[in-house]
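The structure displayed is predicted, hence computed values, not measured ones. Just the heavy atoms: all of them, side chains too, but no hydrogens, waters or symmetry mates, feed the values below. Here, residue 1 is the first one in the sequence, and each next residue gets the next number. Counting starts at 1 for both ligands and their atoms, following the listed order.
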Amino acid sequence: MQPSQDPAACNGFSRRTFFRYAAGASALASMPILTEAHLAQAQRPHFADPNKGIHIDANENPMGPCDAARQAVIDIVPRGGRYLMNMEDDLIGTFAKQEGLDPQSVLAYPGSSEPLHYTVLTFTSPSRPLVVADPGYEAPIWAASVAGAPVIRVPLADPKGAAAHDIKAMLAASPNAGVMYICNPNNPTGTCTPRADIESAVANAPKDTILLIDEAYIHLCDAPRSLDFVKEGRNVIVLRTFSKLYGMAGLRMGFAIGRPDLLKQISTHGGFNPLPITAMAAAKTSLLQADLVETRKKTIAEIRDETFAWLKSNDYKFTPSESNCFMLETNRPGKQVMAGMAAHDIYIGRIWPAWPTQVRITVGTHDEMLAFRKAFQDVMSSTTAGLQPAPLPRRVADRKFFS
Ligand code: PLP
């Protein structure tokens, strides 16, 4: 391997490192915070330089921070020698005011991964399972393994149609769940769960079960938000992040929103480090851009729907996403398709064991999605170029039907 191809050197995180961390986490009951970035990296078919090729495998936002947020970062840099702790209260206050929340029910973190993990660590245990939808975002499962908690995976309802969480089945799955995780819209399918079902989860969950409602992608859709459950004092923690619509995955900022007594409990696991002032400046400025959410939601939806129209016209099946990612049926081992696409320098997202012939696609830029279409068509009609099909039985191959 050339030095420049060493994933650890370039990405700072190789697949080997991932699995070492993972093994260490369960063995030592201490854990790294695993995010989408790590999970995407762990399934990449081979080393991919993040500065080259097309990366539509980690649900990132290729637009990055908005112009005003970039300027806010530049403007705050000269003050980088200071902690500026007041900026955190200012950021939380801005968000709380916009959403009609008590600032005491909001905590800020560098991304939403930390509070996601802390919530699972706090409220699950060997006798208090984690209930999740399948396929769903895997990070809470890693946290549950550290807590020694059983994980109950409930298949999505109507997987060939709406692919929403099956809330009835999730409620029935355990009489004493520690955490029921609802990702709305769901990662990886991009599908939303109807408000009535989420209301039913809040109303009917066991008394001590915490509903962890992950709204990482909520800005990308019109689905009703869940912050009102926090205002009503329910056993609900909502997660928000600046990593998706706001394009700040690398800058890192997110919120946990919940009753102050619940936030106090999750805080026993961490979250006291001063936050980077660059991220706080960019986040607050992003919140103050009146049209940002609507404009970006529209841009991403247009590119997604154009891609869907093309997929439909070519008879490909996909989940009806309202977000920036969707699952795409390939009717063959998804890993082969990932490898075939990587041969075109296009990195698509990973496979979930429950749906091994589907791959997750992140909506990239217009041009990236045009390149995706071309390469995908090529890979799907090819028996070479990285697909590594199983060898034909000699008896068939010898007849040269498949020259
Ligand atoms: N929740 C979901 C569903 C995600 O997909 C991600 C990242 O992709 C996160 C949480 C965590 O993101 P971050 O820590 O960057 O806020």
Side-chain angles (χ1 to χ4, degrees), residues 13 31-43 55-62 64-65 91 95 106-121 130 132-144 156 163-165 179-193 211-221 223 225-226 237-257 266 269-271 273 275-276 279-280 282-283 286-287 300 319 321-327 349-350 352 360-364:
F13 201 89
M31 68 181 309
I33 305 294
L34 293 179
T35 69
E36 176 61 49
H38 304 123
L39 297 161
Q41 169 73 22
Q43 278 202 32
H55 294 260
I56 46 175
D57 65 346
N59 290 358
E60 295 157 326
N61 183 343
L91 172 63
F95 175 71
V106 184
L107 286 179
Y109 295 86
S112 59
S113 296
E114 263 191 65
L116 186 159
H117 284 71
Y118 297 158
T119 302
V120 175
L121 287 181
L130 167 73
V132 294
D134 190 23
Y137 185 48
E138 313 92 316
I141 295 173
W142 287 99
L156 291 174
H165 287 51
V179 171
M180 184 189 288
Y181 175 74
I182 299 172
C183 189
N184 197 43
N186 190 37
N187 178 5
T189 53
T191 47
C192 291
T193 295
L211 292 190
L212 180 57
I213 305 182
D214 189 337
E215 294 192 336
Y217 301 90
I218 198 76
H219 305 101
L220 295 158
C221 69
R225 283 46 176 160
S226 289
I237 294 179
V238 177
L239 300 176
R240 290 280 179 93
T241 182
F242 287 83
S243 293
K244 306 303 171 185
L245 180 128
Y246 293 110
M248 286 179 43
L251 284 175
R252 316 294 302 138
M253 187 53 62
F255 294 131
I257 304 111
I266 69 170
H269 290 282
N273 246 352
L275 294 163
M280 289 192 285
S286 298
L287 287 178
I300 292 167
T319 52
S321 167
E322 298 177 49
S323 178
N324 72 339
C325 64
F326 58 92
M327 289 296 267
R350 58 185 182 275
W352 271 254
R360 190 192 64 191
I361 309 297
T362 301
V363 177

Under a 3.5 Å distance rule, please check whether E322 uses its side chain to pair with a backbone N or O of P185 as donor and acceptor. no
Sort out the contact shell of ligand 1: every protein residue with a heavy-atom distance below 4.0 Å, listed by chain and number. E36, G111, S112, S113, Y137, Y181, C183, N187, D214, A216, Y217, T241, S243, K244, R252
Whether the side chain of N59 engages the backbone of T362 through a donor-acceptor N/O pair (distance < 3.5 Å, no angle test) should be reported. no
Are the side chain of T319 and the backbone N or O of M327 linked by a donor-acceptor pair below 3.5 Å? yes
Counterpart residues, side chain to side chain contact (heavy atoms under 4.5 Å, CB included), relative to E60 (two or more places apart): A58
Is a side-chain N or O of R350 found less than 3.5 angstrom from the main chain of R360, in a donor-acceptor match? no
Between L220 and L245, the two heavy atoms sitting closest are CD2-CD1, 4.1 Å
